[in-house]
Undergrad: 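Attaching a single structure in structure tokens format; questions to follow.
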There are 2 protein chains.
Amino acid sequence: MHVAADAEAGPVRAPLSRDRVLRAAIGIADDGGLAGLTMRRLAEVLGAEAMSLYYHVANKDEVLDGIADVVAREINEVVDALEVPSAGAQWKNAVRRRILAARQVLLRHPWAPAVFETRTAMSPEILVYHDRLLGLMRDGGFSYDLAHHALHALGSRALGFSPELFDPGDGSTGDVPAEFADRLPHLVGMLSEIAHDDPGSTLGWCDDQTEFEFGLDLLLDGLDRLRERSSS
Amino acid sequence: MHVAADAEAGPVRAPLSRDRVLRAAIGIADDGGLAGLTMRRLAEVLGAEAMSLYYHVANKDEVLDGIADVVAREINEVVDALEVPSAGAQWKNAVRRRILAARQVLLRHPWAPAVFETRTAMSPEILVYHDRLLGLMRDGGFSYDLAHHALHALGSRALGFSPELFDPGDGSTGDVPAEFADRLPHLVGMLSEIAHDDPGSTLGWCDDQTEFEFGLDLLLDGLDRLRERSSS
DNA sequence: ACCTGAACACCGTTCAAGT
DNA sequence: ACCTGAACACCGTTCAAGT
């Protein structure tokens, strides 16, 4: 009787924990974006009241710190499984492979770059990630000084993303050529040529992956040249 | 009498306008950062009620679009005053000077990069800025295809900023070396060497301007090499 | 130890109403 | 045409209270 009554009140919800809170938060962000991640919605998904979260997490900022760290751990697990030789001139390929692998993880969590950028405290896992990247550069013969500059130069590209400030070829610029043709001659010229080169695409289509790799290789090639110069 | 009564009610406030709203918004952001920019605070500064703003501006997003565009116009005014030769090999210096001038404007509006990054619609002034940048590359002999890649590779660096995902040398990493020394050997090694090279500074101090220029020159040098290769 | 209800101090925004 | 008061539907968070 008592047992039946308990059952009627619903199955006893698994107790909350910091870990369950963070996993639920990632699920919400993956499904509906960062805007949907509120403390109230988070509690709802967990079958609890919003105020219960504060027993396991200090505030929303700690939730954001936490999910950034979980994603960074996921990245570290993936890149640590990579086995790429990194001695001498091979450093560049090793770093490149690592960064592109990290990028694949981030593509599964499109909200993560925005969270990384708002964090002020360093996630422990992101520190580990950069430490390993530094290690690969050291294998290539980088001084700490050059490696330090390199980390700054790569910036978020080191983690596999590159915030698109504006997409010079997205629809918003492509569909007003007539109006701005005389005021934006080079932009219009560029976009029409891109459309011509790739007639099947919508005007101004850009391949994110191609552009990411172009910028990454530009930086890695430049760094490799500086490495050669400094070691000779 | 009537006049005195009116005077007692306070001087008649200048009427609102879209322009006054945007200027006030920039003032708030300059003084207290983006977090302080709320519709209610904005109205208060203007001596009006929050709801009055909606007669001049559709919503807060339009305020953010607007102040981004005003800053971009300020940048365009500064860089258009530059007179730097850009023909042939001189393109690189012209682009470099332009970008560093844009950066100086952004340093006066530290909140602006964050706003640029959240805008989805392109600001007309930012389109103009990039159109001129494309023009300089064309002067240097770039194909539209290479110039297009170049804009993607530069990303926000074209506008004079580079979001610091993490500062490998800021205080938060510098003051836990003992605890993480074994887990982060390269990071700790790098930071201690930087501290040694610059004993007067706090551990891990980084010169933003120096790092910005390092990354920028790495990209520009790489692009120049591609330009030479393609034109030969 | 873990969870909750009620309440507070904020947001952006709508809508009907004032001049 | 321009501005406002009252109100709505949200936020994150505190605090005293429940088990």
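A quick note: this is a predicted structure, and the numbers were derived from the prediction, not measured. Lettering follows sequence order; numbering is per chain, from 1.
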Undergrad: Only pairs under 3.5 Å count here: list side-chain donor-acceptor contacts from residues 33-49 of chain A, not counting sequence neighbours, and write none if there are none.
TA:
residue	atom	partner	partner atom	Å
A:Thr38	OG1	A:Arg41	N	3.0

Undergrad: Evaluate the criterion salt bridge (charged side-chain N to carboxylate O under 4.0 Å, His left out) for residue pair A:Asp208 and A:Arg103; output intermediate values, then yes/no.
TA: CA-CA 11 Å; A:Asp208 284 350; A:Arg103 178 177 175 78; 5.3 Å; no
Undergrad: Name the pairs: protein N/O against N/O of nucleotides 1-3 of chain D, kept only if under 3.5 Å.
TA:
residue	atom	partner	partner atom	Å
D:dC2	OP2	B:Tyr55	OH	3.4
D:dC3	OP1	B:Leu16	N	3.3
D:dC3	OP2	B:His56	NE2	3.1

Undergrad: Applying salt bridge (Lys or Arg N to Asp or Glu O under 4.0 Å), name anything that partners A:Asp217, two or more places apart in sequence or on another chain.
TA: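 A:Asp217 satisfies salt bridge (Lys or Arg N to Asp or Glu O under 4.0 Å) with A:Arg96 once adjacent residues are dropped.
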Undergrad: Suppose we screen for ring pair (Phe, Tyr, Trp, His ring centres under 6.0 Å). Which residues come up paired with A:Phe214, at least two apart in sequence or across chains?
TA: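 In terms of ring pair (Phe, Tyr, Trp, His ring centres under 6.0 Å), with neighbours along the sequence ignored, A:Phe214 is linked to B:His149.
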Undergrad: Distance-only check: which donor-acceptor pairs under 3.5 Å involve side-chain atoms of residues 61-74 of chain B, not counting sequence neighbours?
TA:
residue	atom	partner	partner atom	Å
B:Glu62	OE2	B:Arg18	NH1	3.1
B:Asp65	OD1	B:Arg119	NH1	3.0
B:Asp69	OD1	B:Ser123	OG	2.3
B:Asp69	OD1	B:Glu125	N	3.1
B:Arg73	NE	B:Glu125	OE2	3.4
B:Arg73	NH2	B:Glu125	OE2	2.9
B:Glu74	OE1	B:His109	NE2	2.9
B:Glu74	OE2	B:Arg108	NH2	2.6

Undergrad: Sequence neighbours left out, what passes ring pair (Phe, Tyr, Trp, His ring centres under 6.0 Å) with A:His186? Give chain and number order.
TA: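 Ring pair (Phe, Tyr, Trp, His ring centres under 6.0 Å) check on A:His186 returns nothing, list empty.
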Undergrad: Toss me the dot-bracket line for DNA chain C: Watson-Crick and G-U wobble, both under 3.5 Å, 5' to 3', using | for pairs to another strand and [ ] for crossers.
TA: ||.|||||...|||||.||
Undergrad: Compare every heavy atom of A:Ser52 with every heavy atom of A:Leu16, then report the nearest pair and how far apart it is.
TA: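 That closest heavy-atom pairing would be CD1-CB, 3.8 Å.
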Undergrad: Side chains of A:Glu164 and B:His152: any donor to acceptor distance under 3.5 Å?
TA: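 A donor-acceptor contact under 3.5 Å links the two side chains.
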Undergrad: Can you give one letter per nucleotide of nucleotides 7-13 of chain C, going 5' to 3': B for a protein heavy atom under 4.0 Å from the base, S for sugar-phosphate only, - for none?
TA: B---BBB
Undergrad: For B:Asp19, enumerate each residue passing the salt bridge (Lys or Arg N to Asp or Glu O under 4.0 Å) test, keeping only those at least two apart in sequence or located in another chain.
TA: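 Here the qualifying residues are B:Arg23.
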Undergrad: Can you check nucleotides 17-19 of chain C for protein contacts, nitrogen or oxygen pairs under 3.5 Å, and list what you find?
TA:
none

Undergrad: Scan for ring pair (Phe, Tyr, Trp, His ring centres under 6.0 Å) pairs involving residues 39-77 of chain B, sequence neighbours excluded, and state none if there are none.
TA: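 As it turns out, there is no ring pair (Phe, Tyr, Trp, His ring centres under 6.0 Å) pair with a partner in residues 39-77 of chain B once direct neighbours are skipped.
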Undergrad: Got a sec, which residues hit side chain to side chain donor-acceptor pair (under 3.5 Å) with A:Thr118, two or more places apart in sequence or on another chain?
TA: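 In terms of side chain to side chain donor-acceptor pair (under 3.5 Å), with neighbours along the sequence ignored, A:Thr118 is linked to no residue.
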Undergrad: Can you confirm whether B:Arg97 is buried at CZ, in the sense that more than 12 heavy atoms of other residues, nucleotides or ligands lie under 6.0 Å from that atom?
TA: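 No - once you tally the heavy atoms of other residues, nucleotides and ligands closer than 6.0 Å, there are 12 at most.
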